[in-house]
2 protein chains.
Amino acid sequence: MIKQTRITKQRQVVLEELQKVTTHPTADMVYDMVRKRLPNISLGTVYRNLELLAEQGIIRKLNIDEHKMRFDGNTSNHFHIQCIECGKVDDVSICENIDWLELTQDTGYEITGHRIELFGICPDCRSKQLQDQ
Amino acid sequence: MIKQTRITKQRQVVLEELQKVTTHPTADMVYDMVRKRLPNISLGTVYRNLELLAEQGIIRKLNIDEHKMRFDGNTSNHFHIQCIECGKVDDVSICENIDWLELTQDTGYEITGHRIELFGICPDCRSKQLQDQ
DNA sequence: GTAATTGCAAAAATTTTGCCTCATA
DNA sequence: TATGAGGCAAAATTTTTGCAATTAC
């Protein structure tokens with residue numbers, strides 16, 4: 001028997017707040033965002049809902065941050081780019097051209113997903129660097 | 001005055017053991033490997049050395065694991081592929097064909113690095129799945 | 001009414017750090 | 001011999017979990 005899931009206020013607000021932004025927040029940041037609407041929500045509930053929504057494929061977990069998990073409300077195919085100066089994570093929508101069939105043949109793996117993450121210096125930090133010189 | 005680094009037995013063995021394998025071990029796994037040669041080494045020392053070696057670009061930190069940091073003694077350009085069944089991380093050497101210059105123009109970022117990680121089902125798990133049917 | 005979910009707090013798990021001693025250069 | 005590094009253990013940080021009460025269906 002499959003476990004049913006219910007739509008609670010908490011789950012709904014966690015999802016809504018995550019889908020509002022493109023900042024790829026950590027669980028802690030989501031907690032802060034959600035608390036403005038539900039002051040009594042607990043951090044554990046935020047964690048549990050993020051985990052469940054990710055399992056259901058409604059949101060995505062990002063391993064891009066060295067120390068904490070980040071979450072993305074946008075599940076469409078896109079890449080990320082993190083600024084090595086300020087740490088922010090932006091979206092990149094490029095059409096990638098890796099030949100998955102060839103990869104399957106080369107590796108013997110059945111490829112089910114991929115993650116491409118870019119690192120660089122964002123426009124803001126680049127201009128700051130120019131100013132500082 | 002730049003801080004000098006010394007070549008200690010511990011640092012040497014951590015590096016050697018990491019470079020011996022292609023299994024992308026966690027700090028804990030490196031600790032176990034190193035302890036066979038240096039039974040008195042402490043986990044803190046392993047962490048400190050892995051961190052330092054990564055800073056110096058001699059090894060690489062991998063964010064591919066959901067829960068812990070993994071380390072890679074191979075710093076040449078290659079991708080990783082993780083089996084979603086058994087969790088192991090293999091190397092993939094493919095020649096990727098992303099146009100970095102175009103990306104810089106599109107995003108405004110100065111691209112300094114990238115990470116491509118693939119997920120799939122490894123040959124072993126694929127054949128196990130066939131057997132189970 | 002039943003079972004999923006919450007809030008709270010304690011626990012778990014990983015990583016970092018302080019401090020004193022040791023050893024490299 | 002000066003100072004970087006190690007060992008040990010405590011602390012810090014992030015995430016998970018047990019439990020009794022609550023709520024969605």
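In what follows, chains are A, B, ... by sequence order, proteins preceding strands, each numbered from 1.
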Nearest heavy-atom contact between B/Tyr31 and B/Leu43 is CE1-N, 3.5 Å
Side-chain polar contacts of residues 48-59 of chain B - donor-acceptor pairs under 3.5 angstrom, sequence neighbours left out - could you list them?
residue	atom	partner	partner atom	Å
B/Asn49	OD1	B/Arg11	NE	2.5
B/Asn49	OD1	B/Arg11	NH2	3.1
B/Asn49	ND2	B/Thr45	O	3.2
B/Glu51	OE1	B/Lys61	NZ	2.7
B/Glu51	OE2	B/Lys61	NZ	3.3

Atom pair distance, as rounded to whole Å: CD in B/Gln12 and P in C/dA25:
9 Å
A/Arg70 has an atom CZ; how far is it from atom P of D/dT15, in whole Å?
11 Å
Between A/Arg70 (side chain) and A/Thr26 (backbone), is there a donor-acceptor pair under 3.5 Å?
no
With A/Lys36 via side-chain contact (heavy atoms from CB on, under 4.5 Å) - residues at least two apart
none
Apart from B/Met33 itself, which Ile, Leu, Val, Met, Phe, Trp or Tyr residues share its cluster (side-chain heavy atoms under 4.5 Å, direct or through members)?
B/Val21
Of all the heavy-atom pairs spanning A/Gly73 and A/Leu18, show the shortest one and how long it is.
N-CG, 3.7 Å
Taking B/Asp72 for the side chain and B/Arg60 for the main chain, is one N or O donor matched with an acceptor at less than 3.5 Å?
no
Let me have a per-nucleotide readout for nucleotides 17-25 of chain D, 5' to 3', with B, S or -, counting only protein heavy atoms under 4.0 Å.
BB----BBS
Take the protein atom CE of B/Met69 and the nucleotide atom P of D/dT15, then report the distance between them rounded to whole Å.
12 Å
Over how many whole Å does the gap from B/Asn49 atom CG to D/dG6 atom C1' extend?
9 Å
In numerical order, the residues of residues 28-39 of chain B whose heavy atoms come under 4.0 Å of DNA chain C are none
Without decimals, in angstroms, what is the distance between A/Lys61 NZ and D/dT16 C1'?
11 Å
Just grab all the salt bridge (Lys or Arg N to Asp or Glu O under 4.0 Å) pairs involving residues 12-30 of chain A, residues at least two apart or on different chains.
A/Glu16-A/Arg37, A/Glu17-A/Lys20, A/Glu17-A/Arg37
Once you round it to whole Å, what is the distance between P of D/dT15 and NE2 of A/His67?
12 Å
Terminal helix-axis angle for the helix from C/dG1-D/dC25 to C/dA25-D/dT1, with five pairs defining each axis and rounding to 10 degrees
40°
Please tell me which of the listed nucleotides, C/dC8, C/dT16, D/dG6, lies nearest to the side chain of B/Gln10?
D/dG6
When Ile, Leu, Val, Met, Phe, Trp and Tyr are grouped by side-chain heavy atoms lying under 4.5 Å apart, directly or through other members, which residues fall in the same group as B/Ile7?
none
Please report, rounded to the nearest Å, how far the P atom of D/dG6 is from the CD atom of B/Glu51.
14 Å
Any side-chain N or O of A/Asn40 less than 4.0 Å from the OP1 or OP2 oxygen of C/dC8?
no
Output the rest of the hydrophobic cluster of B/Met29: all Ile, Leu, Val, Met, Phe, Trp and Tyr residues reachable through side-chain heavy-atom contacts under 4.5 Å, sorted by chain and number.
none
Under 4.0 Å between a side-chain nitrogen and a carboxylate oxygen: does that hold for B/Lys68 and B/Asp65?
no
Taking D/dA5, D/dT15, C/dT16 as options, the one with an atom nearest any side-chain atom of B/Arg11 is D/dA5
Which heavy atom in A/Leu62 sits nearest to a heavy atom in A/Met69, and how many Å separate them?
O-SD, 3.4 Å
For atom CG of B/Leu50 and atom P of C/dT17, their distance in whole Å:
15 Å
Whichever of B/Val46 and A/Leu43 has the more 5' nearest nucleotide on DNA chain D, that residue is B/Val46
